[in-house]
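Once you've had a glance at the structure underneath, I'll fire off some questions.
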Amino acid sequence: GILADLGVSSHQFDTAERGFSFRFDAPLDMRMNTEASLTAADVVNTYPREEIEKILRLYGEVDNPGRIARLIESGRAAAAIRTTGDLDKCIAPAIPEFQSHKILAKIYQALRIEVNHEMRSLEKFLSGAAETLRPGGRLVIITYHSLEDRMVKNFIRTGNVDGKEDKDIYGRLHAPFTALNRKPILPPEEEISANTRARSAKLRIATRNGE
């Protein structure tokens, strides 16, 4: 079997200089692999406004990605956005104070996913799991946000992350896996109380099809 926990390391979130969290004023980095070349500062300072808007919409599911992307474009024209504090100040006009934590979390998530190519890596992993597991093997995946959970759910159901169904002439679906739980398993309240970062976790289990 294969077990995958897609969560980001708490150590990375809590190490200020890694730039993953808006709780600290630190370099806007977000690289999981510190030897990689692309940083979050590169994204906000060099990507076209339209591409930043797309990243915020797709990877963060941000409600007003266009306005935030325009604020970033305007802010970097005045001075480079180098730190988390620079970014927070730049986009502050679009962040209601009573929702600031939730919205900033989505924005930082979107940038982190882009910097680390997380969705492409997940798609490659899922394809590799289908090729590697023998019939009857188990695939167990813990996801933490709706985008990656949707990709995992689609892949289990259809064999691709987009959820496009491929059926034979008899209407039978070609899919490498069969889901063992229709709905994801969620953490109980006592676990969330002990570890608040578990609150968004969803666990899906599937069995590899075949003879």
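Numbering starts at 1 and runs along the sequence shown.
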For residues 124-132, tabulate all N or O donor-acceptor pairs below 3.5 Å that involve a side-chain atom, not counting sequence neighbours.
| unit_1 | atom_1 | unit_2 | atom_2 | d |
| --- | --- | --- | --- | --- |
| S127 | OG | E123 | O | 3.2 |
| T132 | OG1 | G128 | O | 2.7 |

Sequence neighbours left out, what passes side chain to side chain contact (heavy atoms under 4.5 Å, CB included) with E35? Give chain and number order.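 Result, side chain to side chain contact (heavy atoms under 4.5 Å, CB included) vs E35: N33.
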
Of the options I81, L28, L38, which is the one that meets V43 in a side-chain contact (heavy atoms from CB on, under 4.5 Å)?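 Among I81, L28, L38, the one meeting side-chain contact (heavy atoms from CB on, under 4.5 Å) with V43 is L38.
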
For residues 59-69, please give each side-chain donor-acceptor pair under 3.5 Å, one per line with the distance, not counting sequence neighbours.
| unit_1 | atom_1 | unit_2 | atom_2 | d |
| --- | --- | --- | --- | --- |
| E61 | OE1 | S146 | OG | 2.5 |
| E61 | OE2 | S146 | OG | 3.3 |
| E61 | OE2 | R150 | NH2 | 3.0 |
| R67 | NH1 | P93 | O | 3.3 |
| R67 | NH2 | P93 | O | 3.0 |

With rounding to the nearest 0.5 angstrom, report the CG to OG1 distance, D29 to T83.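 Output value for this atom pair is 12.0 Å.
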
Output the distance between atom CG (L111) and atom CG (D42), rounded to the nearest 0.5 Å.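 Reported value, rounded in 0.5 Å steps: 11.5 Å.
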
Counterpart residues, side chain to side chain contact (heavy atoms under 4.5 Å, CB included), relative to T158 (two or more places apart):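 Per chain and number, T158 pairs via side chain to side chain contact (heavy atoms under 4.5 Å, CB included) with N160, E165.
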
Say you draw a straight line from OG1 of T178 to CG of N209; how long is it, rounded to the nearest 0.5 Å?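 Answer rounded to 0.5 Å: 3.5 Å.
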
Find the distance between OH (Y47) and NZ (K54) and round it off to the nearest 0.5 Å.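 One gets 11.0 Å once the value is rounded to the nearest 0.5 Å.
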
Of all residues at least two apart in sequence or in a different chain, which pass the side chain to side chain contact (heavy atoms under 4.5 Å, CB included) check with E50?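 Side chain to side chain contact (heavy atoms under 4.5 Å, CB included) list for E50, sorted by chain: P48.
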
Between OG of S121 and CG of L6, what distance do you get to the nearest 0.5 Å?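 Answer for the OG-CG pair, S121 versus L6, is 10.5 Å.
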
Side-chain donor-acceptor pairs under 3.5 Å in residues 182-193, sequence neighbours left out?
| unit_1 | atom_1 | unit_2 | atom_2 | d |
| --- | --- | --- | --- | --- |
| S193 | OG | E189 | O | 3.0 |

